[in-house]
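Below is one structure, written out as structure tokens; the observations come after it.
Note that these values count all heavy atoms, side chains included, but never hydrogens, waters or copies made by symmetry. Keep in mind the model is a prediction, meaning the values are calculated, not measured. Reminder, nothing fancy here: chain letters follow the sequence lines and each chain counts from 1.
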Number of protein chains: 2
Amino acid sequence: MPEQWTSETAHRRAPAATQEDVARELGISRTLVSLALRDRPGVSASMRQRILETADRLGYRRNSLAAELAQRQRTAVGLHLLDAHNDVYTTILSSVQAVIAPAGRRLVLAVNSRSGRDDPQPRNTLLEANVGVIISATSVAPDDEVRALNRILPVVLVARRVEGVDSVYVDHDVGARAAVEHLAGLGHTRIAHLTGPSFEGHTQRRAGYLEAMRSLGLTPEIATNPGFAREEAFGAARALLDRPASERPTAVFTHNDELALAVREAAADLGLRVPEDLSVVGFDNSRAAGLTGVDLTTVDIRGDELGRAAAEAAIRRLEHPGVPPLQRGFTPSLVVRRSTAPPRGV
Amino acid sequence: MPEQWTSETAHRRAPAATQEDVARELGISRTLVSLALRDRPGVSASMRQRILETADRLGYRRNSLAAELAQRQRTAVGLHLLDAHNDVYTTILSSVQAVIAPAGRRLVLAVNSRSGRDDPQPRNTLLEANVGVIISATSVAPDDEVRALNRILPVVLVARRVEGVDSVYVDHDVGARAAVEHLAGLGHTRIAHLTGPSFEGHTQRRAGYLEAMRSLGLTPEIATNPGFAREEAFGAARALLDRPASERPTAVFTHNDELALAVREAAADLGLRVPEDLSVVGFDNSRAAGLTGVDLTTVDIRGDELGRAAAEAAIRRLEHPGVPPLQRGFTPSLVVRRSTAPPRGV
DNA sequence: CTGAAAGCGCTTACAG
DNA sequence: CTGAAAGCGCTTACAG
């Protein structure tokens with residue numbers, strides 16, 4: 001602290017009171033204070049009462065970090081998010097919070113600095129923050145790395161499945177197939193897929209698309225975008241659509257809703273109407289997809305159930321470290337809204 | 001830990017290596033290890049090299065919580081959010097992260113359990129998590145409580161101004177005035193305001209509305225919704241619109257974009273088109289407002305600048321505890337999109 | 001019921 | 001350049 005501030009006592013804060021302070025005030029031992037504050041047996045009712053009052057009067061706040069250190073425990077939950085802008089992650093975040101907070105645990109958050117890229121920093125922050133478990137809602141690391149991390153600190157995977165690691169997963173391929181079949185059922189044949197970067201945890205949607213196209217006897221076309229965020233997908237989306245009507249796909253199925261939003265924008269930019277000129281199906285059923293005026297047909301991964309289940313799995317892992325890995329699957333379902341229709345001339 | 005897991009060694013994790021382990025391995029003192037690991041002077045180059053290698057080999061991870069305790073420092077940043085579903089908060093969250101993470105600090109997150117209500121838990125969690133500063137993006141507590149908290153632990157307010165407390169604020173009344181004047185300029189006279197619960201930090205928008213209406217010689221009408229979230233505002237929005245055309249407001253200005261979204265939905269439900277039958281102006285310029293198909297006219301509070309500025313203020317406060325309170329204002333600006341038009345018959 | 005002591009993983013004077 | 005000791009705020013055996 002620089003010398004020049006030393007005189008500004010107005011903004012100085014008194015150091016927080018500790019158990020030591022409470023004990024000294026009462027002329028008793030720290031042990032008693034600790035016990036009383038945590039409502040543990042071994043303190044007389046009257047003494048407990050006096051301790052509580054004094055603690056209150058002194059403005060005592062428990063330092064839960066010191067407590068954890070002393071207890072050789074890790075009670076905090078780390079949450080690793082790929083991208084805080086995508087509201088699927090936000091939904092997951094708040095449903096995780098909805099379970100973690102009432103359980104009296106703290107949530108340490110780490111977000112990748114750049115969407116759609118791997119980034120070692122969040123993981124390190126979480127490891128050093130002494131969390132007891134990491135909920136990972138980012139499918140960017142290879143399976144082996146996930147397993148390696150899981151050997152150091154328990155990991156709970158969200159929307160992804162890795163053998164040997166707690167996984168609250170989604171059958172992405174089932175969802176992708178439903179999307180393609182919906183489109184084909186409408187009469188589309190030129191159904192393109194806009195995908196994101198090829199991380200190991202992210203290939204299932206594309207695989208489902210390919211498989212569905214193949215089994216329907218249709219020719220797949222895949223365009224790849226370097227990231228997962230809407231803002232950086234406009235170019236790829238436009239490139240996909242900017243060609244003669246006879247060659248242009250009549251429907252686009254995207255890796256996630258963010259990319260679908262970009263496709264809608266690109267379509268609007270090219271004067272194509274959705275769904276009259278172009279059908280669009282997203283993935284995730286993010287909050288944005290359901291907005292009046294957006295009305296995006298999409299595959300619902302039930303982000304809030306996923307988040308809740310992940311948080312519960314995290315707490316379970318913390319309470320029973322030795323329990324076998326959880327593998328809990330959710331089946332996604334197609335939500336048909338207004339961004340899909342039969343192609344022109346059908 | 002229950003007895004039955006004791007045998008499941010497969011899922012056991014070895015306790016993390018400590019500086020002590022590294023020191024023992026090398027037959028040196030902990031001091032040296034600590035110094036070398038933090039790149040401090042006082043260790044020979046060769047010894048430092050050996051320490052780093054050994055630490056690496058042992059999979060040593062610094063326990064930054066223990067380090068903070070020993071350093072009598074609080075380096076973590078707490079972020080208190082009102083509602084993780086509203087994407088203004090999400091925007092703030094990610095811009096805060098964008099500053100905090102590169103600074104090597106950890107972010108502890110606390111979110112109110114129920115939107116639009118006061119909730120003591122997040123504050124307590126943050127206090128016990130030993131954060132050094134709380135960035136508060138929730139205007140729900142009275143000014144005095146904010147000051148009281150600020151006396152215990154430095155607070156940085158987002159989108160709100162309280163004297164004596166670091167504030168990265170917005171002139172909400174200026175924004176409200178701009179919204180009303182825009183509407184009046186289009187020819188509207190029956191301009192209603194849909195507001196949220198009356199917390200002390202939340203009255204400026206309404207005050208700006210009232211003042212603008214008064215100075216334009218128009219009769220204000222205020223409807224109150226019990227919360228700030230879209231999901232719980234449909235009823236109030238519908239009640240506001242469900243009356244004969246001659247008595248119905250031709251324009252609604254809402255406390256935030258979430259409420260504006262609810263108004264749009266209620267309008268659609270009643271068969272009213274936006275903007276032909278009803279103009280809607282929101283507040284915040286959330287991500288949703290800018291989506292193609294939503295195109296909401298709104299007041300931009302520059303959530304990302306706000307978040308960044310708040311995070312910088314937080315770091316400044318941590319580094320220079322005695323510095324006088326920051327009061328940094330942002331002027332909001334109206335973003336005209338497609339949800340506003342002249343009223344029918346003008 | 002109450003207290004003295006040791007320890008969690010780390011850092012910081014203080015000696016040598 | 002290196003190490004022994006004390007301490008951060010807390011908890012946990014262990015005695016009395």
Side-chain angles (χ1 to χ4, degrees), chain A residues 1 14-52 54-55 58-76 106 127-132 152-153, chain B residues 1 14-52 54-55 58-76 106 127-132 152-153:
Chain A
M1 189 181 342
T18 68
Q19 295 186 359
E20 169 89 64
D21 296 323
V22 177
R24 195 180 323 109
E25 181 86 4
L26 253 28
I28 58 174
S29 75
R30 278 159 283 142
T31 304
L32 231 41
V33 176
S34 174
L35 258 22
L37 254 18
R38 284 173 302 142
D39 215 40
R40 286 290 174 83
V43 191
S44 66
S46 64
M47 182 53 96
R48 161 163 298 145
Q49 179 69 0
R50 292 178 59 203
I51 290 173
L52 260 31
T54 309
L58 262 38
Y60 170 79
R61 294 273 166 190
R62 164 176 216 260
N63 181 337
S64 58
L65 273 37
E68 272 183 47
L69 192 61
Q71 287 173 114
R72 300 147 186 72
Q73 272 191 1
R74 296 158 173 259
T75 65
R106 72 174 185 287
L127 283 169
E128 299 192 351
N130 213 33
V131 299
I152 300 176
L153 198 68
Chain B
M1 191 179 343
T18 68
Q19 294 186 358
E20 169 90 61
D21 296 324
V22 177
R24 194 180 323 108
E25 181 87 2
L26 253 26
I28 58 174
S29 75
R30 278 159 281 142
T31 304
L32 231 41
V33 176
S34 174
L35 258 22
L37 253 19
R38 283 173 302 143
D39 215 41
R40 286 289 173 84
V43 191
S44 67
S46 64
M47 182 52 97
R48 160 164 299 147
Q49 180 69 359
R50 292 177 59 203
I51 291 173
L52 261 30
T54 309
L58 262 38
Y60 170 79
R61 295 272 166 189
R62 164 178 217 258
N63 181 336
S64 57
L65 272 37
E68 273 183 48
L69 192 60
Q71 287 173 114
R72 300 148 185 72
Q73 272 191 3
R74 295 158 174 259
T75 65
R106 73 174 185 287
L127 283 169
E128 299 192 352
N130 216 32
V131 299
I152 300 176
L153 196 70

Using atom [atom1] of [X] as one end and atom [atom2] of [N] as the other, report the distance to the nearest whole Å.
| X | N | atom1 | atom2 | value |
| --- | --- | --- | --- | --- |
| B:R72 | D:dA6 | CZ | C1' | 9 Å |
| A:R30 | D:dT11 | CZ | P | 12 Å |
| B:E20 | C:dA6 | CD | C1' | 14 Å |
| B:Q73 | C:dC10 | CD | P | 16 Å |
| A:L32 | C:dA5 | CG | P | 16 Å |

Taking for B:P41 and for B:L69 the nucleotide of DNA chain D with the nearest heavy atom, the one nearer the 5' end belongs to B:P41
Here's a test of your reading of the structure: between A:Y60 and B:V43, which maps to the more 5' nucleotide of DNA chain D? B:V43
Classify [X] by what it touches in the nucleic acid, base, sugar-phosphate, or nothing, heavy-atom distance under 4.0 Å.
| X | result |
| --- | --- |
| A:Q71 | sugar-phosphate |
| B:R48 | nothing |
| A:T31 | base |
| B:I28 | sugar-phosphate |
| B:R61 | sugar-phosphate |
| B:R62 | sugar-phosphate |

For C:dC14, what is the paired nucleotide under Watson-Crick or G-U wobble rules, both distances under 3.5 Å? D:dG3
